[in-house]
There are 2 protein chains.
Amino acid sequence: MARRAAKTSPSPSDLDARKATILEAVVAEHIDTAQPVGSSSVAHSADVDVSPATVRSEMVALEREGYLAQPHTSAGRVPTDKGYRYFVDHLKSGVLSSAQQYQVRDFFTNVRGEVEDVLEKTSTLLSELTSYTSVVVSAGHSHASILSVQLVSLDARHQLLVTVFSDGSVVKHSVNTTFDANFVDVSEASRQLNALLIGTTLEHRVQVPSRSDGVATLIRESVSVLHAEQPTTDGEQVFIGGSSKVAEVFAGVETVRKVLSILEQELLVVTLVQDILNQGLSVAIGSEHGYEPLSACAVIVAPVTIDGAPAGAVGLLGPTRMKYREALAAAGMVSQHLARHFGGEDDLA
Amino acid sequence: MARRAAKTSPSPSDLDARKATILEAVVAEHIDTAQPVGSSSVAHSADVDVSPATVRSEMVALEREGYLAQPHTSAGRVPTDKGYRYFVDHLKSGVLSSAQQYQVRDFFTNVRGEVEDVLEKTSTLLSELTSYTSVVVSAGHSHASILSVQLVSLDARHQLLVTVFSDGSVVKHSVNTTFDANFVDVSEASRQLNALLIGTTLEHRVQVPSRSDGVATLIRESVSVLHAEQPTTDGEQVFIGGSSKVAEVFAGVETVRKVLSILEQELLVVTLVQDILNQGLSVAIGSEHGYEPLSACAVIVAPVTIDGAPAGAVGLLGPTRMKYREALAAAGMVSQHLARHFGGEDDLA
DNA sequence: TGTTAGCAGTCAATTCTACCGAGTGCCAAC
DNA sequence: GTTGGCACTCGGTAGAATTGACTGCTAACA
């Protein structure tokens, strides 16, 4: 009875043990060889202990249920996105080879430089570890408070507003005036801006003087230019490593072009990563992320959390037939090291 | 007699008029069609007024002299790098279509934002104008003087040194100490650093206090970390636009990969551009720039000069059979607009 | 009833052959 | 010196034949 029920309306995400084994064997082999895989190679694979004929009939079922597809009648089977999804969901987590583990540890003990440099190099590391294109996103400073603002005069009508945030980021904005600002006014404005803004975040609105003298105008301009940043981007930074891997890893020229043109648009990449994280996923396969040009891709994302707060994410972009276990392990390990590196005690020297 | 001499030892860079015309016709057509070009299409082209047979015999000569090559016996001719070089050297300068001119002007009248944003967008513009990958390099600040330095405390042992240069660039450096620095020391160090460094360039060496108290240590650390920047990079920034064009424009996957992996290394790109400029070239064809992985490429460079001083460069990277006239015109026009934009009166608002 | 061996059928990929045509080099005539 | 003509070369293409890796189906089997 239970069996019957299971057969007529099979829970879509729960295959019986044999189907699961076969599906996993198909996916694993296809990831390995990039070829459609036939019944006999599955039958001969380690975990499967039935004849090719049996495998075939199971494959028909798996195809009917949408896990596999056949490029053409007399070819083997290829996993669908749904097939990959099942595979990934039932993946036991792996670890990196000890050589790779060493490489990561070595990297993080030796790396020096400013945050941006470290993230840039990290993205290169991650890409080299996996031979996929990597993405490192640092969180914006919408929640960081302002440690210091300073107005520096370039010339009478052009000032530079330099803002330092508690997360260590530094942002500059041009502040231009239609009148000549004298040195005294600029430093007075700078002083008042400090008093006004230190300790606030970009989300705080502050009371600006409404007077029309030079100092007040400078202050108003500065605050408005600083707060104007908000809508477009949040100060996230994106570092892309190994974009040349795109050409190695994807087949058609057209796919390569599409993927590259997505990677060119940093804002899009940030949004993509954020979207995936918001969906609570760590892997988005094929069209799961909703970016049509990336429908041939799988994207792996691992959040970087420092002291419980989201501080960014690392990601990997490869073909749907990517080596999920290794890639997940690499992304996970790097994100942890990154968190530790920028987290507590570490001396960034 | 003179004729005889010209025949036995022809000046390699000076072809007789007919050869020149034929060579130019071959190059022009090959750029257009990407196919080997045969004698008859050359003979029928506008500027040539001889029979295919005559063209053939001239082509034999041009091949012997290294301007043309034959992929195989029964194919037409293809220009060699030397052929392209001749073509480029004898190119009369062109102008952009008026629609493109409008696009450039429109861009520069409407563009807003920080210098970096403008350069980033400019590289996209240039790439869209030409459908080649573009490069925008801004000069380093080795000759810019320091307008302001400020030490901001992140926590007791981590300070941030924020330096503003006269060219409007802002640089941050971490300054870490092995002792807890108190707030007063940090602001005192900041004050003294200002007195010490304002008006100097990174090439100036300054006298630092040798005392061992906190303030002096902070100052020493700050100065050393600031001056340490020099050797690796000079603060140049690179903006690459349209890297996806690489996939459109080059044939083999392997070429695409090679080119992309060069573009990944920003330092390399800066050096490449600088090298070409130093050679006094505006176009480097094939192996002229000495970067083997780019031997299938031509690189166009146009310096950006502001008030007589080099302020950077714009470049284009395409296949050796790129549309030189249009690309040169675009690079030239953009570099001029860039110079004007950041030059005198313009309000960057 | 589920599993298996065997068999006929399908279809992409490969190989082969023949052929076409673009383009050359050479030569003899102008 | 230029040209038309001719024989030749050789890459590219199109079609036919072959191969072989699969499948689905069926009948026998445990």
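Note on naming: letters A, B, ... go to the chains in the order of the sequence lines (proteins, then strands), and numbering restarts at 1 for each one. Only heavy atoms go into these numbers, but all of them, side chains included; no hydrogens, no water, no symmetry mates.
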Might you point out which heavy atoms bring [X] and [Y] nearest each other, and give the distance in Å?
X        : Y        : answer
A:Ile240 : A:Val269 : CD1-CG2, 4.5 Å
A:Pro36  : A:Pro71  : CG-CG, 4.1 Å
B:Ser93  : B:Arg325 : C-CG, 4.4 Å
A:Gly286 : A:Asp81  : CA-OD2, 3.4 Å

- [ ] Have a look at A:Thr73 and say if it touches a base, only the backbone sugar-phosphate, or nothing, with a 4.0 Å heavy-atom cut-off.
- [x] sugar-phosphate
Task: Short N-O contact, A:Lys82 and A:Glu65, less than 4.0 angstrom - done: no
Open item on the list: Whether B:Asp89 and B:Arg85 form a salt bridge (side-chain N of Lys/Arg under 4.0 Å from carboxylate O of Asp/Glu) is what I want to check.
Closed with: yes
TODO: Answer yes or no: are there more than 12 heavy-atom neighbours, outside A:Lys258 itself, under 6.0 Å from its atom NZ?
DONE: yes
TODO: Measure the distance from CD1 on A:Ile22 to C1' on C:dG2 and round it to the nearest whole Å.
DONE: 13 Å
- [ ] Figure out the CZ/P separation between A:Arg77 and C:dT10, and round it to whole Å.
- [x] 16 Å
Task: Distance-only side-chain donor-acceptor flag, B:Ser127 / B:Thr124, under 3.5 Å - done: no
TODO: Would you check if there is a donor-acceptor pair between the side chains of B:Ser57 and B:Thr54 at a distance under 3.5 Å?
DONE: no
Pull out every protein N or O sitting under 3.5 Å from an N or O of nucleotides 12-22 of chain C, one pair per line with the distance.
none

Task: Nearest-0.5 Å distance, SG of residue B:Cys297 to OH of residue B:Tyr291 - done: 13.0 Å
Open item on the list: To the closest 0.5 Å, what do you measure between NE2 (B:His289) and CG (B:Leu294)?
Closed with: 5.0 Å
- [ ] Between A:Gln70 and B:Arg18, name the one whose nearest nucleotide on DNA chain D is closer to the 5' end.
- [x] B:Arg18
Task: Within residues 55-64 of chain A, residues whose heavy atoms come under 4.0 Å of DNA chain D - done: A:Arg56, A:Met59, A:Val60
- [ ] Go through residues 23-53 of chain B and report each residue with a non-hydrogen atom lying under 4.0 Å from DNA chain D, sorted by number.
- [x] B:Val50, B:Ser51, B:Ala53
- [ ] Please determine if a side-chain N or O atom of B:Thr54 lies less than 4.0 Å away from the OP1 or OP2 oxygen of D:dT3.
- [x] yes
